[in-house]
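Let me begin by presenting the structure, written as structure tokens, before commenting on it.
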There are 4 protein chains.
Amino acid sequence: MTASTTPSDRALARRQQVLDAAAECFRRRGFHAASMAEIAKTAGMSPGHIYNLFENKDDIIAAIVERDCEDVLGRIAAFQQEEDLLQRMLAETEQAIDEHSQVAEAALQLEVLAEASRNPKLATVVQQSEALVNRKAQELIRQSLGERADDLPPGEIQGRALLLGALFNGLTVLSVRQPALSQHAPAMAPVMRRMLRVLMAP
Amino acid sequence: MTASTTPSDRALARRQQVLDAAAECFRRRGFHAASMAEIAKTAGMSPGHIYNLFENKDDIIAAIVERDCEDVLGRIAAFQQEEDLLQRMLAETEQAIDEHSQVAEAALQLEVLAEASRNPKLATVVQQSEALVNRKAQELIRQSLGERADDLPPGEIQGRALLLGALFNGLTVLSVRQPALSQHAPAMAPVMRRMLRVLMAP
Amino acid sequence: MTASTTPSDRALARRQQVLDAAAECFRRRGFHAASMAEIAKTAGMSPGHIYNLFENKDDIIAAIVERDCEDVLGRIAAFQQEEDLLQRMLAETEQAIDEHSQVAEAALQLEVLAEASRNPKLATVVQQSEALVNRKAQELIRQSLGERADDLPPGEIQGRALLLGALFNGLTVLSVRQPALSQHAPAMAPVMRRMLRVLMAP
Amino acid sequence: MTASTTPSDRALARRQQVLDAAAECFRRRGFHAASMAEIAKTAGMSPGHIYNLFENKDDIIAAIVERDCEDVLGRIAAFQQEEDLLQRMLAETEQAIDEHSQVAEAALQLEVLAEASRNPKLATVVQQSEALVNRKAQELIRQSLGERADDLPPGEIQGRALLLGALFNGLTVLSVRQPALSQHAPAMAPVMRRMLRVLMAP
DNA sequence: GATGAATGAGCCTTCATTCAT
DNA sequence: AATGAATGAAGGCTCATTCAT
């Protein structure tokens, strides 16, 4: 009758609870400083039970990265519906800058990346996520270019997609390096728009 | 007796030893995984003695950040001697991309930033460093613009400087997200050059 | 309805399943390293249900010891049918040595004994088992001696039975101390036969 | 000046403290039930410091086994000075039986052996110890036989040494299987003497 | 200045056991 | 009878930091 309370579904819901709790703790304290005990308490379950849902602490960040990746892909997909991509991006530049400037979220992302550079399993997840996002970014650029995409030299689209990623990732870094950054969003927006045109227009 | 081995000088040299050792360990293992014992061994002194030179472990990364900052400022200063800045940057784009793609170094930087978002003392150091670098970046841009700098709307230079920083920091992130990145440097270079023109030319 | 699947009978069969699974796990991993979860999985039932059949983990080894004891008693009883016990034992010495040199089985027995020295409940089971086996050993020796048994000083039979037990238990220990032992079985057999004569012949 | 307080010597003394404490705890609670915290407390030092002296908990039993082995070898060596070995052994049979019947010590030995069957590092230590003791046992037997040793078939000495070991190890097992064993020492002694003659006399 | 022995809090993880269903 | 989700105590081990020498 109730497909939503299938054992597996329950476990899935519990996993989400843990992921939410862990993300919160990681943001608050950092990955290493957040203890499993704290995560368990935040998730409203016992430390031991977390290990029925995840292999270990590393497995939790890996799952967070995967979930975030799906989230990003979803947002990109929604974007792709847009008629004139570039116009939309230019219209929302200030907002995009703000979104990439949430310090707590940024810190978590940076820490995950640092961790990934030494944890092979996490590295795999991160790189596969990135590969998916990069592919979508290329699609976005092609879509924005329309038929003129075919005239570009090989590698050009890839180069643009990478730098588009770098630009937004760079904002994330800046938000930690200069938490006052948000005050400068108005100053950055016009310049940003010019860069977006370079990346997405012919 | 000998002025060159004044206690203070000796201590300074010892500090450098520790900083070198710590940077090496941090790059190799990460900030949290590198133990004081390992750092002490690498630096060729006892763990206890490190505490005569630094207040604690956090203090060591703070000092590393400061030293790195001075290094960057020095390189920027050398750059400022250049006649035609933009030409030089365009000529060295590939090399600049490569330099920002050293994974181990990148990981350490990201970890430091993540740490800084939760450690006020480190945050201060990071933000002051960033402020200095940002000021230099603005000088660079002004210099590149020449007298036309004065025609720009207020905040424009700051916006450019910030995005210039974001772009390079973004490459650092990318080098962790896509360690295969270096293969794409040739594809990125032409696009990168166009972006540099947007940021540094009138 | 069907007498052969009476609740009690079913429970008994389930208990055997658990004992088989547990013995296997204990042999493979050791008593402490074998988890109830693993035993349950091996037995093809849930961890929770094991607690409907046994009071706790200790209770399981106790039951294994009891079962093993019955097994040994059965084999001794079969032996007792023999016309000339001593001849039979001398004929099968090599085989007996081999049987007592199975490392995995030996390890489990030693572990159980160690455990018994601190767990009163298990101690009771072990000591009662041993008492039964010892009585049978005395019968065996008496049978082998025939009417000459009556000429022996009091306690002599008990002394022989104990040392007979010690000798075989010693082989078990040796099989762990020297896993290469089986290579030496041929060297031990002749000596062993002389010792058996000392213990079982007049 | 004081060679006995050399750093290395101090560490050695600390190690002995730990070994004494650990042996006591292991005898009292068993290897798995004895916690490092308890051992540390018994040894009068912090848990952390034990890890400056030993690699881990397993390393501690390994060291205990090695120390015990040296102890046994020492006692055998003292025995070897004896003019008439067999006479001495026959004279001290009751005492030897008693010595091998200390339940607590026996339990520890059995547990170590069980552990060794699954822990390769410990297995190495146990087997090397056993090899040394076995060699000494062969020497003992040769010495007892005098020149008649040369008339024996090859392997005979080894067979005797192994069974000599088995016999005493068997007593250790019996002391756990039948803690009341000591009451039977008088009954066992005469039989034991005959077995010793079989093993050590021509 | 320099050592390194020593501390002890705290972490991740495991697992026997329980209980609602 | 049977499940398996859930608990929570406890364990081995690490490591920043201190301090007597």
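Just so you know, these numbers use all the heavy atoms, side chains as well, and skip hydrogens, waters and symmetry mates. Here is the naming used below: chain letters follow the sequence lines, and residue numbers restart at 1 for every chain.
With a 3.5 Å ceiling on both atom-pair distances, the Watson-Crick or G-U wobble partner of dT21(E) is dA2(F).
For the pair F54(D) CZ and dT14(F) C1', the computed distance is 18 Å after rounding to whole Å. Rounded to whole Å, atom P of dA16(F) lies 14 Å from atom CG of D59(B). Rounding to whole angstrom units, CD1 of residue I50(D) and P of dA5(E) are separated by 15 Å. Taking atom CD1 of I39(A) as the reference point, atom P of dT13(E) lies 10 Å away to the nearest angstrom. Rounded to whole Å, atom C1' of dA5(F) lies 15 Å from atom CG of D9(A). H49(C) places its NE2 atom 17 Å from the P atom of dA5(F), with the value rounded to the nearest Å. Remark: C1' of dT7(F) and CE of M36(A) are 15 Å apart, rounded to the nearest angstrom. Whole-Å rounding puts the Q17(B) CD to dG1(E) P distance at 13 Å.
OP1 or OP2 of dT3(F) has at least one side-chain nitrogen or oxygen of S46(C) nearer than 4.0 Å. The shortest distance between the side-chain N/O atoms of R10(D) and the OP1/OP2 oxygens of dT21(F) is not below 4.0 Å. In terms of phosphate contacts, Y51(D) brings a side-chain nitrogen or oxygen within less than 4.0 Å of OP1 or OP2 of dC13(F). Residue R14(B) places at least one side-chain N or O closer than 4.0 Å to OP1 or OP2 of dA2(E).
Listed for the R15(B) side chain is a donor-acceptor partner under 3.5 Å among the backbone atoms of L53(B).
When heavy atoms are screened at a 4.0 angstrom cut-off, N56(A) is found touching the sugar-phosphate backbone but no base atom. Residue A34(C) is in sugar-phosphate contact alone, with no base atom involved, counting any heavy-atom pair closer than 4.0 Å across all strands shown.
Sequence order on DNA chain E of the closest nucleotides to D58(C) and P47(D) puts P47(D) first from the 5' end. In terms of position on DNA chain E, the residue among E55(A) and L53(D) whose nearest nucleotide sits closer to the 5' end is L53(D). When each of G44(A) and A37(B) is assigned the nucleotide of DNA chain F with its nearest heavy atom, G44(A) is the one assigned upstream, toward the 5' end.
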Point to revise | Test side chain to side chain contact (heavy atoms under 4.5 Å, CB included) applied to I64(D) and F26(D), step by step | key: CA-CA 11 Å; I64(D) 290 180; F26(D) 291 162; 3.9 Å; yes
Exercise for review: Output, in order, the C-alpha distance, side-chain angles, deciding distance and verdict of side chain to side chain contact (heavy atoms under 4.5 Å, CB included) for L122(A) and V65(A).
Suggested key: CA-CA 9 Å; L122(A) 186 54; V65(A) 172; 4.2 Å; yes
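The pair K57(B)-E115(B) does not count as a salt bridge, with every side-chain nitrogen at least 4.0 angstrom from each carboxylate oxygen.
Between R14(A) and Q17(A) the shortest side-chain heavy-atom distance falls below 4.5 Å.
Nearest to the side chain of S35(C), among dG12(F), dA16(E), dA6(F), sits dA16(E).
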